[in-house]
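The structure under discussion appears below in the form of structure tokens.
In this chain, numbering begins with 1 at the start of the sequence shown.
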Amino acid sequence: SSSLKAATYLDLPLLVSEEVASSITAEKTFEAVAPDSTTLIGFGIVFILSIIASQVWANEVVPVSRTKLALSKRDGEVKEYLDNLKRDSLESSGL
């Protein structure tokens, strides 16, 4: 009687694994599905924010920084730094 229980017990995992295997092969067919509307809205928001950020960067941040650098090269700390580099370079080359 105990061997019958063991055989029944051993047969059960085999039947379950065959059922699982057949359901897995049946579920491997993938079909195109349209994304959820909240996902599309999220992508749209990120895209619009990226466009706005790039415009602000190109039209506000970069021109202001270039202007500051040009003024500093003409009259400020950058001019002093460049003059010191030039003077040190001339002194070290013996000219």
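Within the model, atoms CG of D88 and OG of S93 stand 10.5 Å from one another, a figure rounded to the nearest 0.5 Å. Between atom NZ of residue K79 and atom CG of residue D75 there is a gap of 7.5 Å, rounded to the nearest 0.5 Å. Within the model, atoms OG of S54 and CG of L49 stand 11.0 Å from one another, a figure rounded to the nearest 0.5 Å. From E60, atom CD reaches atom OG of S65 across 11.0 Å, with rounding to the nearest 0.5 Å. With rounding to the nearest 0.5 Å, the separation of CG in L40 from CD1 in I45 is 11.0 Å. A distance of 9.5 Å separates CD of Q55 from CD1 of I52, quoted to the nearest 0.5 Å.
Linking ILVMFWY residues whenever their side-chain heavy atoms come closer than 4.5 Å, directly or via other members, places L69 and L82 in the same cluster.
Atom CZ of R66 is surrounded by 12 or fewer heavy atoms from other residues, nucleotides or ligands within 6.0 Å.
Of all heavy-atom pairs spanning A58 and P63, the tightest one is O-CD, 3.3 Å.
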